[in-house]
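Chain letters run A, B, ... following the sequence lines, proteins first and then strands; every chain starts at 1.
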Number of protein chains: 2
Amino acid sequence: MSRVKQSFQPIAPPARLLMGPGPINADPRVLRAMSAQLVGQYDPWMTQAMDETQVLYRQVFQTSNEQTMLVDGTSRAGIEAALVSLIEPGDRVLVPIFGRFGHLLREISERAGAEVHVIEVPWGQVFTPAAIEAAITEVRPKLLAVVHGDTSTTVAQPLDELGAICQKHGVLFYTDVTASLAGNTFRTDELGLDAVTAGLQKCLGGPSGSAPVTFSPRAVEVITARKSIEAGIRTDGDAVSAHPIRSNYFDLAMIFDYWGPQRLNHHTEATTMLYGARECARLIVEEGIDETVARHEVNGRAMLSGLRGLGLEIFGDTAHKMNNVTAVVIPDGIDGDAARGAMLNDFGIEIGTSFGPLHGKVWRIGTMGYNARQDAVLTTLAALEAVLRRGGAAVTAGGGVGAAYDVYDDASRLAVAEPDAAAPAAATEPDATATEATR
Amino acid sequence: MSRVKQSFQPIAPPARLLMGPGPINADPRVLRAMSAQLVGQYDPWMTQAMDETQVLYRQVFQTSNEQTMLVDGTSRAGIEAALVSLIEPGDRVLVPIFGRFGHLLREISERAGAEVHVIEVPWGQVFTPAAIEAAITEVRPKLLAVVHGDTSTTVAQPLDELGAICQKHGVLFYTDVTASLAGNTFRTDELGLDAVTAGLQKCLGGPSGSAPVTFSPRAVEVITARKSIEAGIRTDGDAVSAHPIRSNYFDLAMIFDYWGPQRLNHHTEATTMLYGARECARLIVEEGIDETVARHEVNGRAMLSGLRGLGLEIFGDTAHKMNNVTAVVIPDGIDGDAARGAMLNDFGIEIGTSFGPLHGKVWRIGTMGYNARQDAVLTTLAALEAVLRRGGAAVTAGGGVGAAYDVYDDASRLAVAEPDAAAPAAATEPDATATEATR
């Protein structure tokens with residue numbers, strides 16, 4: 001070990017407008033909340049802040065689930081906590097895969113010891129409920145694990161009929177909404193979900209590092225049946241399961257008791273991340289969850305129209321596209337990475353590359369969380385037009401910004417004409433509206 | 001789901017001086033660093049910030065290990081990542097238990113599928129190297145997993161001879177330094193350690209939620225032999241192990257590649273926590289790691305002397321006590337929880353309760369990180385004297401503050417007399433000095 005001291009400058013990130021598939025810029029209110037000083041983990045003020053966070057996330061998730069809380073880690077930590085706590089080795093799990101994150105659900109389920117069965121559609125498409133029911137009938141899984149919105153393809157799997165199908169076949173129903181929550185209509189209880197996991201770094205407008213999660217009473221029953229209080233704090237009469245959860249950190253049975261009135265000692269809550277997660281939810285509850293979704297719908301539609309207005313082609317099944325991310329085909333003759341570099345280095349705007357079969361073929365452009373804003377959309381379209389023109393692509397002069405303006409003008413006319421109905425209407429039928437506006 | 005909107009006030013924690021066993025107050029510089037805006041996860045500025053964080057933590061850990069980075073979760077996440085990545089089901093693990101967190105290492109190792117063998121000493125004591133070597137000879141473990149400093153008992157297990165013993169027997173050597181790092185002399189490479197995990201919320205002066213970790217080349221070999229790139233980003237020729245790590249989130253082989261030049265897509269780095277972790281390390285590197293330890297030694301000694309000066313009894317083997325936390329016996333006739341409540345509610349000062357066999361018998365008082373400061377120590381002693389007197393205990397008037405002042409006066413005379421030698425000398429023989437000062 002060299003004893004030479006090597007230090008660096010204070011954190012001073014460059015100005016970036018993050019318009020990729022996430023993470024995006026945190027809402028400044030979230031960062032301010034995160035700068036608050038710490039309190040002890042069992043301070044009454046702290047446990048109240050935890051309780052409040054649960055109340056707020058029940059509203060964001062649209063659920064009455066008692067077991068609604070944070071897992072201390074990135075969104076992937078929330079996924080693993082749900083899967084490892086629900087799955088016992090040998091359990092059958094069905095994973096419909098329509099993008100990268102379906103592969104992740106398969107991967108995590110396999111590592112949890114599940115016998116995983118998958119069905120697949122080409123990237124950009126989604127499953128019919130009938131296809132999923134047929135697979136359930138054949139596989140007879142304990143758990144259906146499906147991504148809601150997959151940023152790798154920009155599409156969201158419709159979940160509407162899957163709850164009833166799972167109920168009918170006695171299957172637990174889990175979805176990951178990291179990419180979709182608060183940007184697209186999503187109601188945990190109405191959809192009949194048993195387990196839902198998310199992250200802060202997309203439409204919630206916060207930094208990665210905390211995973212909001214919620215579990216139905218049925219899921220809680222499965223999880224708590226495996227409860228095994230850890231050695232070191234176990235007392236006589238405490239549970240020791242014959243089938244303990246294979247992770248201590250992700251043992252939701254203990255995490256429930258940490259957040260519950262027992263305040264069981266488990267991890268030391270990541271207080272600063274909790275402050276941030278609480279503020280993310282507070283912003284959404286104040287705006288109204290339907291209004292937050294409607295804002296994502298309008299801004300996503302403006303971006304989609306703007307990209308088409310530039311003369312660019314959109315990838316995938318736009319009927320099922322998430323409001324908050326759009327995949328646009330890289331025009332012929334343009335070096336995708338060089339153009340992204342010019343956007344970043346010359347304009348300070350980040351747009352996303354892509355994975356797997358789409359790598360090198362599309363960029364992914366997000367309009368989410370704090371950046372689901374008119375100025376962010378217009379700025380991105382203006383910069384993209386400039387970069388593409390300098391790169392030698394044929395683009396319609398002013399076509400991007402112009403088409404986006406049209407969407408905003410329509411939206412504000414609608415809002416004036418129907419002040420109460422506008423937002424919910426837009427929120428419940430985003431895709432129909434999006435299609436009409438751009439045809 | 002009730003559609004009633006229920007929101008809460010902005011985060012505004014009460015003023016607290018956190019003098020328990022951690023978490024403690026974050027250094028304000030750390031919180032300021034955490035308020036910086038986000039950048040994209042593969043932005044060159046971000047990857048450089050990650051590289052710098054690695055350089056900084058090599059200095060904090062006193063190691064040349066290439067694989068030095070953060071695990072995104074609390075200190076417990078770091079422990080689980082190390083253990084689940086090193087242990088294959090059926091591997092033998094030896095855990096010497098001398099407090100609560102030894103039980104945690106056992107627990108996590110068991111859940112990772114290990115055949116765990118333990119040896120135990122009563123709380124407050126430590127193991128001789130001979131006792132550990134005897135157990136190694138008998139058990140022939142793959143891994144020795146031992147806590148360095150255990151806040152539950154305040155003592156630190158001496159690690160000096162264990163590296164050579166592990167080397168001799170071909171055993172991997174892991175320790176958790178969450179409670180001890182930067183508050184007590186600790187040099188990863190000199191101690192012959194293969195794996196070390198920590199957290200920010202003790203002597204590093206940050207919030208819980210990020211776990212600095214480091215791994216020797218030997219540990220890296222064991223871990224990367226199990227590498228299995230996850231489905232969804234795997235390409236032809238990528239590794240698929242026959243003995244994959246049982247967790248995806250804690251798969252260090254993939255986490256190494258995420259931090260390394262490959263920048264393998266894994267989790268989305270918790271950027272705000274990274275900013276905080278980087279600043280924690282920057283503070284220590286600027287102060288000098290030896291100087292940081294010396295500061296903890298002086299303040300810990302002042303607290304110990306002060307508590308004795310009040311006429312209170314210290315729990316445990318003070319020859320092996322960590323600098324940064326002291327367990328003090330609750331005086332006869334005093335209700336421990338009521339006194340802690342008065343400290344918190346009347347003076348805004350948190351001191352700690354205790355676990356297991358010590359519950360109700362001792363308070364644990366920390367002097368760590370940002371709070372390893374003279375004003376924090378003197379304030380706590382003055383408040384404790386007041387609370388104990390009002391509770392009816394016999395305390396020496398002014399005895400706490402007076403004894404602590406004596407320690408600070410001695411330390412500054414020493415510093416003036418021997419400006420270069422003072423701090424290291426204090427750091428290497430903390431207990432001898434502490435004992436002399438109070439006899």
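For A:Glu286, the salt bridge (charged side-chain N to carboxylate O under 4.0 Å, His left out) partners are A:Arg29, A:Arg282, not counting sequence neighbours. With sequence neighbours excluded, the residues satisfying salt bridge (charged side-chain N to carboxylate O under 4.0 Å, His left out) with B:Asp43 are A:Arg16.
Note: B:Arg111 leads B:Met273, B:Arg111, B:His103 in heavy-atom pairs under 4.5 Å with chain A. The choice from A:Asn265, A:Leu344, A:Asn248 that makes the most heavy-atom pairs within less than 4.5 Å of chain B is A:Asn248. Of all the listed residues (A:Arg106, A:Gln41, A:Arg278), the one sharing the greatest number of non-hydrogen pairs under 4.5 Å with chain B is A:Arg278. Across B:Gly22, B:Gly209, B:Ser152, B:Pro207, the residue that shares the most heavy-atom pairs under 4.5 angstrom with chain A is B:Pro207. Contact tally against chain A (heavy-atom pairs below 4.5 Å) for B:Ala270, B:Pro13, B:Ala36, B:Ser7: the top residue is B:Pro13. The choice from A:Gly73, A:Gly276, A:Ser35 that makes the most heavy-atom pairs within less than 4.5 Å of chain B is A:Ser35. Here B:Leu56 is the residue among B:Leu56, B:Val30, B:Ile24, B:Leu200 with the most heavy-atom pairs under 4.5 Å with chain A. Residue with the most contacts toward chain A among B:His266, B:His359, B:Glu350, B:Glu269: B:His266 (heavy-atom pairs, distance under 4.5 Å). The residue among A:Gly199, A:Pro10, A:Pro23 with the most heavy atom pairs within less than 4.5 Å of chain B is A:Pro10. Ranking A:Asn25, A:Ile108, A:Val84 against chain B, the residue ahead of the rest is A:Asn25, based on heavy-atom pairs under 4.5 Å. With chain A as the partner, the residue from B:Met34, B:His267, B:Glu52 showing the most heavy-atom pairs under 4.5 Å is B:Glu52.
Interface residue B:Glu80: only side-chain heavy atoms are found under 4.5 Å from chain A. At a 4.5 Å heavy-atom cutoff, the contact between B:Gln37 and chain A is made by backbone and side-chain atoms alike. Contact annotation for B:Ala12: only backbone heavy atoms (N, CA, C, O) come within less than 4.5 Å of a heavy atom of chain A. For chain A, no part of B:Asn65 is nearby; none of its heavy atoms comes within less than 4.5 Å. Using a 4.5 Å cut-off between heavy atoms, B:Phe8 contacts chain A through both its backbone and its side chain. Within the 4.5 angstrom heavy-atom criterion, no atom of A:Leu274 approaches chain B. Using a 4.5 Å cut-off between heavy atoms, A:Thr271 touches chain B through its backbone atoms (N, CA, C, O) alone.
The existence of a salt bridge linking A:Arg187 and A:Asp290 is confirmed by a sub-4.0 Å separation between a basic side-chain nitrogen and an acidic carboxylate oxygen.
Shortest non-hydrogen contact noted between A:Val285 and B:Gln6 is CG1-O, 3.8 Å. Nearest heavy-atom pair across A:Trp123 and A:Pro357 is CD2-CG, 3.5 Å. Nearest heavy atom pair, residue B:Tyr57 against residue B:Ala277, reads OH-O, 2.6 Å.
B:Thr74 and A:Asp72 form no side-chain donor-acceptor contact under 3.5 Å, judged by distance and modelled atom types alone.
In this structure, the ring of B:Tyr249 has its center no less than 6.0 angstrom from the ring center of A:Tyr249.
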